[in-house]
Every structure is written in structure tokens, then in C-alpha cells.
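Have a look at the structure below, then the notes.
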Protein chains: 2
Amino acid sequence: MKKNEYEQLRLDHQLCFPLYAASRAVTQKYTPILKPLGLTYTQYLVMLVLWEQDGLRVSELCEKLFLDSGTVTPLLKKMEQQGLLTRERSGSDERVVIVHLTEKGMDLREKAKNIPSEIGSCIALSVEEAGALYTLLYKLMNQK
Amino acid sequence: MKKNEYEQLRLDHQLCFPLYAASRAVTQKYTPILKPLGLTYTQYLVMLVLWEQDGLRVSELCEKLFLDSGTVTPLLKKMEQQGLLTRERSGSDERVVIVHLTEKGMDLREKAKNIPSEIGSCIALSVEEAGALYTLLYKLMNQK
DNA sequence: TACAATTATATTGTATTCAATATAATTATG
DNA sequence: CATAATTATATTGAATACAATATAATTGTA
């Protein structure tokens with residue numbers, strides 16, 4: 001029984017591991033594609049959010065991306081330096097920082113337009129598989 | 001048609017995002033569980049591999065975990081300092097570093113034994129869902 | 001056997017992540 | 001209205017990740 005005692009600890013019995021490895025693998029696929037746009041993967045996620053809805057608070061960006069201020073604040077500062085966005089304190093509540101895209105930030109959308117299909121073409125999943133995966137992952141990420 | 005032009009760039013149309021967010025969410029579940037063992041998540045993965053097969057090369061650990069030497073080398077040094085393992089150059093090939101668990105490293109396995117079920121109990125997926133997810137993730141991580 | 005490739009780790013530099021804490025502004029309450 | 005509690009963001013510190021490069025050892029080959 002000695003063998004079975006630790007059976008559960010086998011790497012190939014873990015769900016966390018392929019999740020972790022697949023996530024990194026997919027992120028790595030983005031790196032060369034995002035490089036011409038001057039974006040990292042996390043910066044790209046911020047842009048996706050802002051292209052959909054500009055003028056969000058830092059806290060709203062954090063919520064949408066499931067990231068905390070320790071990650072997002074330096075990220076936004078860097079992106080501000082790069083001229084992609086602006087950060088200004090709200091007039092009505094000085095604690096709040098509102099993020100707006102610059103012209104340059106908005107223009108980048110055009111260059112990014114085809115990235116999803118580029119990525120899609122190098123991900124070997126059928127539409128059904130991708131849909132099933134999507135559903136399962138959302139289930140996983142939305143539980144507290 | 002302006003709206004549809006950028007439809008693909010919506011955050012909720014991306015597969016990468018729930019993958020990334022779910023991965024981080026799951027890793028975060030491990031943090032408090034691993035803390036009593038003095039392990040981080042990545043260190044735990046190294047231990048899983050070594051508990052299964054001791055005496056691996058650094059390169060073999062890298063392959064199994066899909067990590068590169070820039071991640072693994074400092075990780076192993078830290079774990080060596082903590083007394084969990086030893087790193088020695090191979091006699092037959094001085095380029096090779098062989099990693100062995102110490103007594104302390106092996107003993108930790110007993111304390112880790114129930115972690116998979118602890119994690120399993122806070123992951124809200126059925127056995128079938130977990131199986132399907134597992135299969136899809138392996139598909140994703142194994143494509144070059 | 002010199003010495004050009006190759007191989008195995010290690011190092012460096014940049015960019016995340018996140019827990020924990022700090023700070024400043026606003027709100028709630030006695 | 002003073003101040004305790006809360007809120008929003010920022011800072012700090014520790015641990016990853018990974019691309020790019022470096023170094024040392026080994027192998028292949030003219």
C-alpha cells in the first residue's frame with residue numbers, strides 16, 4: 001500500500017499543473033505577437049479592457065482583470081510613460097484615479113485587431129473544445 | 001459595422017484570459033495550504049517531481065515542469081538553503097547538476113499527503129468536469 | 001589532437017504577482 | 001464637529017518567469 005499512499009501527489013494527477021503550464025504556454029505565444037505593438041501580455045489585457053470601456057478607475061481595472069493594485073499600479077505607470085494612457089485623480093474623490101487612453105493608445109487597437117485570430121490559428125483546439133474549456137475555466141476562476 | 005470590427009478584442013471573447021485568471025486563482029488557493037510546509041507553489045511542484053523520482057538533473061526538472069533554467073536554478077538554490085535537497089555536479093559530466101532530496105525533503109511528503117484532497121474540496125468541479133478540463137489543458141500545453 | 005559546435009547550467013535584466021503594510025481622502029457616528 | 005472606520009491607491013518585499021547572454025565542459029571533426 002506504500003505506493004498508493006502517495007498516489008495523489010503524482011504530478012500527472014494534479015489539475016493545477018496543466019492549468020499553470022498551459023497558461024504560461026499560451027502567454028508565451030503572445031509575446032512575439034505583441035512585441036511589434038510594444039506591449040507585454042498583461043499590458044495587452046489592460047488595453048483590451050480600456051478599448052472596451054475608457055475612463056475606468058484603477059479599482060475597476062483590478063476587478064476586471066482579477067489583479068491587485070500592487071500589480072496594476074506599476075503597470076499603469078509604465079504604460080503612462082509609454083504614452084498609451086493617462087492617470088488622473090478624480091475631482092469628486094481624490095482617492096480615485098481615472099485611467100484614460102491617449103490617442104496613441106486608441107490607435108493601437110487597429111494594429112491589435114487581428115491578434116485574436118493569429119492566436120486562434122496556433123491553438124489546436126476545435127471550436128467545441130475551446131467553448132468547453134472556456135466554460136470550465138470561468139467556473140474555476142469565479143469561485144471565491 | 002464599427003462595433004463588429006473590434007468584436008474579437010473583447011476580453012470575454014478571449015480564451016487566454018480565463019486561463020490566466022483561473023491559473024492564478026488556483027495557485028492562490030495553494031498559498032495558505034503550503035505555508036505550514038514552508039513551500040511556495042513552484043517549490044511544491046519541484047517536490048512533487050522529486051518525490052516521484054529522486055536524483056534528477058536540473059534539465060530534467062526543467063522539462064517536466066516546462067520551466068527554464070532561469071527559473072529553476074535560483075529555485076533549487078533556495079530549496080537547498082532550506083535543507084530540502086542537495087545539488088551536486090555529476091562525476092561523469094561536470095556540466096550536469098544532480099538534485100537529490102534530503103531526509104527533510106523526503107519527510108515533507110508525509111505532511112503533503114492530503115494537500116490534493118484539500119485542494120480538491122475547494123474546487124467546484126465535478127469529476128467529469130475536472131477530467132474534461134485536464135484533457136483540454138494537456139492538449140493546450142503540449143503543442144509547441 | 002586542436003578547435004569549432006554543442007550541451008548543461010548559471011547569470012542578468014525586465015516584468016510580473018501578490019501579501020502585507022502605508023497613506024491619504026472620505027464617510028459614518030457619537 | 002471631532003475622530004474612528006472605511007475606501008482607494010500606492011509602496012515594499014519576496015518569489016517567480018523568461019529572453020538573452022555567459023560560462024564551462026563535452027563532443028565531433030578535419
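Lettering follows sequence order; numbering is per chain, from 1.
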Tell me: [atom1] of [X] to [atom2] of [N], nearest whole Å?
X     : N      : atom1 : atom2 : value
A/L75 : C/dT14 : CG    : C1'   : 13 Å
B/Y20 : D/dC18 : OH    : P     : 13 Å
B/L61 : D/dT16 : CG    : P     : 14 Å
B/L34 : D/dT16 : CG    : P     : 11 Å
B/R24 : D/dT16 : CZ    : P     : 17 Å
A/Y30 : C/dA15 : OH    : C1'   : 18 Å
B/Q28 : C/dA20 : CD    : P     : 11 Å
A/M79 : C/dA15 : CE    : C1'   : 13 Å

Handout entry: Between B/Y134 and A/Q14: side-chain donor-acceptor atoms closer than 3.5 Å
Key = no
Exercise for the section: Would you tell me whether B/T42 and B/T40 have side-chain atoms, one donor and one acceptor, within less than 3.5 Å of each other? Expected result: no
Handout entry: Within 6.0 Å of NZ in A/K111, more than 12 heavy atoms from elsewhere
Key = no
Handout entry: B/E80 with B/K77: basic N within carboxylate O range, under 4.0 Å
Key = no
Exercise for the section: Give me the residues of residues 36-45 of chain B where at least one heavy atom lies under 4.0 Å from an atom of DNA chain C, by number, or none. Expected result: none
Practice task
Examine A/R24 relative to B/F66 and say whether NZ or CZ is less than 6.0 Å from the centre of the six-membered ring and inside a 45° cone about the ring axis.
Solution key: no
Practice task
Quick one: list whatever passes salt bridge (charged side-chain N to carboxylate O under 4.0 Å, His left out) with A/E129, sequence neighbours left out.
Solution key: B/K139
Handout entry: A/Y41: partners by ring pair (Phe, Tyr, Trp, His ring centres under 6.0 Å), with sequence neighbours left out
Key = A/Y30, B/Y20
Exercise for the section: Give B/S92 one of three labels, base, sugar-phosphate or nothing, depending on what nucleic acid heavy atoms sit under 4.0 Å from its own. Expected result: sugar-phosphate
Problem - Where protein sits on nucleotides 3-14 of chain D, one letter per nucleotide: B base, S sugar-phosphate only, - none, heavy atoms under 4.0 Å - result: ----BSSBB---
Problem - Nonpolar side-chain network containing A/V96, other nodes, edges under 4.5 Å - result: A/I98
Completion exercise
Taken in chain and number order and not counting sequence neighbours, the residues that satisfy side chain to side chain donor-acceptor pair (under 3.5 Å) with B/D93 are B/R95
